[in-house]
Amino acid sequence: DTAVSQTPKYLVTQMGNDKSIKCEQNLGHDTMYWYKQDSKKFLKIMFSYNNKELIINETVPNRFSPKSPDKAHLNLHINSLELGDSAVYFCASSQKAGQQYFGPGTRLTVT
Amino acid sequence: AQTVTQSQPEMSVQEAETVTLSCTYDTSENNYYLFWYKQPPSRQMILVIRQEAYKQQNATENRFSVNFQKAAKSFSLKISDSQLGDTAMYFCASPRGTSYGKLTFGQGTILTVHP
């Protein structure tokens with residue numbers, strides 16, 4: 001059983017398009033996260049939700065909008081994609097401040 | 001600003017030997033966890049080991065152990081009997097306030113194990 005899953009794993013799209021990445025966890029965790037890993041492998045948190053409530057919102061362009069329909073799902077919608085949005089996006093979940101379990105990542109390429 | 005510093009961008013080791021990856025961090029929390037994650041070429045982020053800050057005993061997981069120096073805010077990872085499958089990027093992570101698991105990751109260390 002996959003603990004944290006993301007779809008799609010690869011996403012290639014053109015500038016200006018709108019796209020979504022979906023994340024689901026079956027671990028029963030209360031907290032979910034979105035991270036961005038850039039081309040230099042630097043991993044930075046973007047958002048965190050606890051029980052469907054947004055608790056962390058780093059300095060991220062408002063073209064990025066997370067949505068949590070329930071505590072097992074956290075989706076990321078990106079409007080008007082730009083070249084600089086190309087990166088690997090990771091979803092993760094945890095129970096409060098414990099170990100974070102990561103999804104397989106989504107490699108987004110904007111052309 | 002709360003930071004995590006991994007001062008070794010790249011390391012290499014011969015198979016079966018021991019290597020130590022360094023990490024220093026800065027947090028204002030009193031009770032917290034520290035983590036080492038491994039990212040192989042498959043890009044999956046895998047937890048290697050975690051340390052609870054209130055425990056003085058260093059954490060150990062098979063060939064992986066840490067040297068945790070709380071006062072110095074140092075958290076190094078020792079890999080014994082290195083294997084080819086240990087080749088990966090290693091990230092150290094420490095908390096950034098709140099109890100909701102906000103982590104700061106270091107810049108990463110690329111470890112290559114040579115046969």
Side-chain angles (χ1 to χ4, degrees), chain A residues 2-6 8-11 23 25 27 29-60 68 71 74 87-109, chain B residues 1-6 8-10 23 25 27-55 59 61 64 66 87-112:
Chain A
T2 303
V4 183
S5 60
Q6 290 179 233
K9 289 187 179 174
Y10 298 93
L11 186 52
C23 178
Q25 55 97 1
L27 297 167
H29 289 162
D30 292 330
T31 309
M32 296 184 72
Y33 313 82
W34 278 111
Y35 287 88
K36 179 180 180 181
Q37 186 174 42
D38 61 25
S39 59
K40 295 184 179 178
K41 302 291 189 181
F42 187 65
L43 198 63
K44 187 174 180 182
I45 191 165
M46 301 172 69
F47 301 103
S48 175
Y49 271 74
N50 185 65
N51 274 326
K52 302 194 297 175
E53 180 184 349
L54 180 65
I55 55 170
I56 295 173
N57 184 351
E58 292 291 286
T59 307
V60 177
S68 181
K71 75 172 192 176
L74 180 61
V88 178
Y89 292 84
F90 284 98
C91 177
S93 74
S94 73
Q95 194 62 11
K96 292 189 178 179
Q99 172 190 345
Q100 293 189 14
Y101 293 79
F102 284 79
T106 296
R107 181 177 294 280
L108 171 65
T109 303
Chain B
Q2 292 174 306
T3 59
V4 177
T5 302
Q6 293 178 246
Q8 306 146 315
E10 293 186 47
C23 173
Y25 64 95
T27 181
S28 55
E29 296 293 301
N30 288 320
N31 295 318
Y32 53 90
Y33 291 96
L34 295 164
F35 304 95
W36 276 98
Y37 281 89
K38 165 186 176 181
Q39 187 177 38
S42 66
R43 83 168 180 244
Q44 178 70 52
M45 292 287 288
I46 302 164
L47 180 74
V48 174
I49 198 165
R50 74 177 188 181
Q51 174 76 42
E52 296 171 62
Y54 64 88
K55 288 188 177 179
E61 285 288 339
F64 299 89
V66 301
T87 293
M89 186 95 156
Y90 287 81
F91 293 96
C92 174
S94 86
R96 285 175 60 191
T98 81
S99 61
Y100 291 105
K102 188 174 181 180
L103 294 179
T104 297
F105 284 81
Q107 310 92 316
T109 297
I110 300 171
L111 175 67
T112 303

**Item:** OH/Tyr101(A): more than 12 non-hydrogen atoms of other groups inside 6.0 Å
**Value:** no

**Request:** Check the surroundings of atom NZ in Lys52(A): do more than 12 heavy atoms from other residues, nucleotides or ligands lie under 6.0 Å from it?
**Result:** no

**Asked** Do Arg43(B) and Gln37(A) come close enough that some side-chain heavy atom pair is under 4.5 Å?
**Response** no

**Request:** Below 4.5 Å from any heavy atom of chain A, which atoms of Tyr37(B) appear? Answer side chain, backbone, both or neither.
**Result:** side chain

**Point-to-point distance, once rounded to the nearest 0.5 Å, from CD of Gln39(B) to CG of Leu43(A)** = 7.5 Å

**Asked** Given Ile110(B) and Lys41(A), is the side chain to side chain contact (heavy atoms under 4.5 Å, CB included) satisfied, shown in steps?
**Response** CA-CA 10 Å; Ile110(B) 300 171; Lys41(A) 302 291 189 181; over 6 Å; no

**Over 12 foreign heavy atoms within 6.0 Å of CZ, Arg50(B)** = yes

**Request:** For the pair Gln99(A) (side chain) and Phe35(B) (backbone), establish whether a donor and an acceptor sit closer than 3.5 Å, ignoring hydrogens and angles.
**Result:** no

**Message:** Please report the interatomic distance CZ(Phe102(A)) to CG(Leu47(B)), rounded to the nearest 0.5 Å.
**Reply:** 9.5 Å

**Item:** chain A contact via Met89(B) - side chain, backbone, both or neither, heavy atoms under 4.5 Å
**Value:** side chain

**Residue Glu53(A) excluded, over 12 heavy atoms near CD under 6.0 Å** = no

**Option among Tyr35(A), Phe90(A), Phe42(A) that satisfies the ring-ring contact (aromatic ring centres under 6.0 Å, His included) test with Phe105(B)** = Tyr35(A)

